[in-house]
Chemist: 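Once you've had a glance at the structure underneath, I'll fire off some questions.
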Amino acid sequence: MRLRDRYSRQYIAKRIIGTLIVYIAAVVLIFVIPRLMPGNIAYDFVSRLIAENPHITYAKALNEVEAEYGLNLPIMNQFEIYIRNVVFTFPPNFGTSFEYLNDPAINIVMRALPFTLLLIIVSQIIAWGMGIFIGVELALRKNKRSDKTSVPILYLINSTPIFWLALIMILVFSLKLHILPAIVPFSYGSSITTIMYGMTLPIIIVVISTVPNHTLIIRSATIDFLKSDFVTALRAQGLKDSTLRMKLIRNSILPSITQFFMQFGYLIGGIFIIESLFSLPGMGTVIITAALEYDYPVIEAGLFVTSIVMILSNLAADLIYPILDPRVSYM
Amino acid sequence: MKKEDSMMSLLLHDMFFKIGFAIVGFFVAMAIISFFYLPYNPIASTGPLWSPPSFSHPFGTTASGQDLFSQWMYGSQPTLFVAFFSAFVSALFGIPIGLLAGYFKRADEPLMRFADIFLILPILPLLIVIATFVRPTNVSASIIIGVLSWPWMARTVRSSALSIKQSPYIEVAIMSGTPHLHIMKDIFVHILPLIISISIFSATGGILFLAYMDYLGVGPITSYAWGTTLFFAQTSNALYVGAWWWIVPFGISIGILAMGFSLIGYSVENAYRGVVA
């Protein structure tokens with residue numbers, strides 16, 4: 001069967017509609033959450049304005065800011081403006097940042113996005129590769145001593161908070177051994193070598209803390225797979241051990257991809273905290289700083305871009321599945 | 001032998017279950033003891049500042065002279081509370097929705113799309129944003145964590161309900177006109193061990209989420225969970241002063257407690273699959 005035949009039009013339509021529903025839900029939620037919160041968005045902004053320009057009166061500034069941001073409009077009109085600006089404008093317009101005036105919030109977030117993607121992609125490729133090899137090895141040694149001791153250790157690393165791991169690594173590598181920097185020494189537009197040098201420790205930490213998860217998933221998938229008739233047949237053929245192992249690896253890739261994308265949201269949370277801990281100029285730092293400083297436009301833009309990344313990667317995972325597994329077809 | 005008996009005997013011979021049970025039991029015992037006895041007041045200044053571990057202060061003291069051993073004992077209370085309560089909340093939403101989706105074919109698609117919204121949205125950033133506006137208490141933090149993490153429970157319950165629905169005895173029950181509620185109760189009882197296992201795993205998730213929130217300073221900070229102590233260590237620059245004793249025990253405790261939960265969940269799931277399959 002050719003690849004094109006494996007996707008029915010119905011399936012693709014269903015996936016895309018599902019994705020659109022999640023997208024709309026995300027857009028609505030991002031509008032609703034800040035407005036459910038207590039307090040007026042304008043107050044904080046106005047007090048900041050007055051601190052810088054003492055000659056403006058409070059009431060006048062409040063009125064002007066409310067008019068500027070449309071806060072005195074009925075909530076339905078606000079929603080209409082929001083939808084027009086976010087869904088029907090490209091790039092989406094969330095207004096300018098309260099913290100960095102005149103800088104559109106979406107630009108702040110988009111500048112940060114490449115650093116986050118770099119951290120996620122590099123660390124996950126390494127962690128996933130390691131997870132496949134360790135997981136298959138452990139599955140082949142099920143119930144032997146090496147497996148019995150590794151599983152609790154894997155669970156321990158898996159359930160250790162990633163920021164604590166980072167603190168310990170900083171203590172050892174930066175403060176005791178003086179090998180790697182504890183705070184990332186680069187910003188937007190630094191040279192690639194500086195960036196790689198600064199990224200080394202964050203990447204190592206994310207790899208250490210995500211390898212156990214990949215390993216455990218692949219281990220249990222391989223254990224299930226080892227029970228199947230297919231493996232008995234392979235063994236009966238007298239295949240070399242390395243050949244068998246390659247077949248196991250190929251078959252364990254699929255469940256791990258599904259699981260990976262299901263846990264992507266959790267992973268992104270950990271990565272955001274690591275970024276903010278190292279002051280790495282990525283999405284995490286931007287969102288956490290903005291949340292602590294009540295910088296609403298940047299919070300909204302950050303949540304929006306994060307949701308888009310997650311929605312698109314989930315869609316990609318769904319559509320890639322039949323390419324990786326010839327048995328699967330979506331009719 | 002009855003199914004429950006064989007599961008129990010499988011569990012009691014499982015090394016992982018014993019280790020996990022011992023770990024969780026130890027911390028639960030510590031939480032109970034800390035209600036009645038603490039060596040020092042965990043928040044008051046009771047010793048020298050920045051003191052490394054010593055006989056009078058086994059875990060050392062903080063920058064303001066608070067006894068870290070007392071804080072460690074006291075911190076087990078909120079950590080365990082949020083672990084159990086958030087798992088309870090996520091079960092409260094996840095089990096009915098999963099059962100409905102697995103049992104009624106018509107409800108499957110809309111309910112799972114609804115669950116997808118929660119799965120695909122970036123939970124932790126959302127949690128951070130919500131928590132900065134509304135300073136949560138232990139109860140509201142667990143509710144937020146539970147509400148944002150129920151889809152995991154719903155998905156697993158749904159897929160096991162789907163596979164059990166294929167079995168002949170359920171088909172017979174449907175044909176003989178047994179009320180739907182009754183059949184769903186039967187399915188629920190049948191997959192109860194699996195539900196317990198997932199609940200334990202979501203307790204692990206609750207511990208970690210609470211630690212993340214506390215560490216960022218947006219959690220229920222007055223309850224002094226272990227993550228809060230790490231937050232104060234970070235804001236007092238304990239790392240750069242070299243006060244490792246302020247950082248090491250708390251993170252490792254979170255890891256060990258969560259590992260204990262995971263091992264119990266893992267062995268319950270294994271026992272269930274061993275008995276059923």
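Within every chain, numbering begins at 1; the chains are lettered A, B, ... in the order of the sequence lines, protein sequences first and strands thereafter.
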Chemist: Considering only heavy atoms, which portion of B:L230 lies under 4.5 Å from any heavy atom of chain A: side chain, backbone, both, or neither?
Modeler: side chain
Chemist: Where do B:Y266 and B:F16 land on the ring pair (Phe, Tyr, Trp, His ring centres under 6.0 Å) test, with the steps shown first?
Modeler: CA-CA 8 Å; B:Y266 174 78; B:F16 289 164; 5.7 Å; yes
Chemist: Go through the atoms of B:V248 and report whether side chain, backbone, both or neither lie under 4.5 Å from a heavy atom of chain A.
Modeler: both
Chemist: How are the rings of B:F27 and B:W72 set relative to one another: parallel (under 30°), tilted (30 to 60°) or perpendicular (over 60°)?
Modeler: perpendicular
Chemist: At a 4.5 Å cut-off on heavy atoms, which part of A:K14 comes close to chain B: side chain, backbone, both, or neither?
Modeler: side chain
Chemist: Checking side-chain polar atoms at under 3.5 Å, does B:S140 have a donor or acceptor matched by the opposite partner on B:T137?
Modeler: yes
Chemist: If you count heavy-atom pairs within less than 4.5 Å of chain A, which of B:A258, B:A233, B:G20, B:S253 leads?
Modeler: B:A258
Chemist: By a 4.5 Å heavy-atom criterion (distance strictly below it), what part of A:I168 contacts chain B: side chain, backbone, both, or neither?
Modeler: side chain
Chemist: For the residue pair A:I208 and A:P212, what are the closest heavy atoms and their distance?
Modeler: O-CD, 3.2 Å
Chemist: Side chain, backbone, both or neither: which part of A:L156 has an atom under 4.5 Å from a heavy atom of chain B?
Modeler: both
Chemist: Would you call the rings of A:F163 and B:Y215 parallel, tilted or perpendicular if under 30° counts as parallel and over 60° as perpendicular?
Modeler: parallel
Chemist: Please look at A:L29 and chain B and tell me whether the side chain, the backbone, both or neither of the residue comes under 4.5 angstrom of a heavy atom of that chain.
Modeler: side chain
Chemist: Checking ring pair (Phe, Tyr, Trp, His ring centres under 6.0 Å) for the pair B:Y224/B:F232: CA distance, chi angles, key distance, verdict?
Modeler: CA-CA 10 Å; B:Y224 269 85; B:F232 284 125; 5.7 Å; yes
Chemist: What's the shortest heavy-atom distance between B:V241 and B:W50, and which atoms?
Modeler: CG2-CH2, 3.9 Å
Chemist: A:L154 versus chain B, heavy atoms under 4.5 Å apart: side chain, backbone, both or neither?
Modeler: neither
Chemist: So B:F209 and B:Y212, would you call those rings parallel, tilted or perpendicular, with 30° and 60° as cut-offs?
Modeler: perpendicular
Chemist: Could you tell me which portion of A:F272 (side chain, backbone, both or neither) has an atom closer than 4.5 angstrom to a non-hydrogen atom of chain B?
Modeler: side chain
Chemist: Need one label for B:F118: side chain, backbone, both or neither, based on atoms under 4.5 Å from any heavy atom in chain A.
Modeler: neither
Chemist: Using non-hydrogen atoms and a 4.5 Å limit, figure out which bit of B:I207 sits close to chain A: side chain, backbone, both or neither.
Modeler: neither
Chemist: Checking an interface table here. Which of residues 305-312 of chain A come within a heavy-atom distance under 4.5 Å of chain B?
Modeler: A:T306, A:S307, A:M310, A:I311
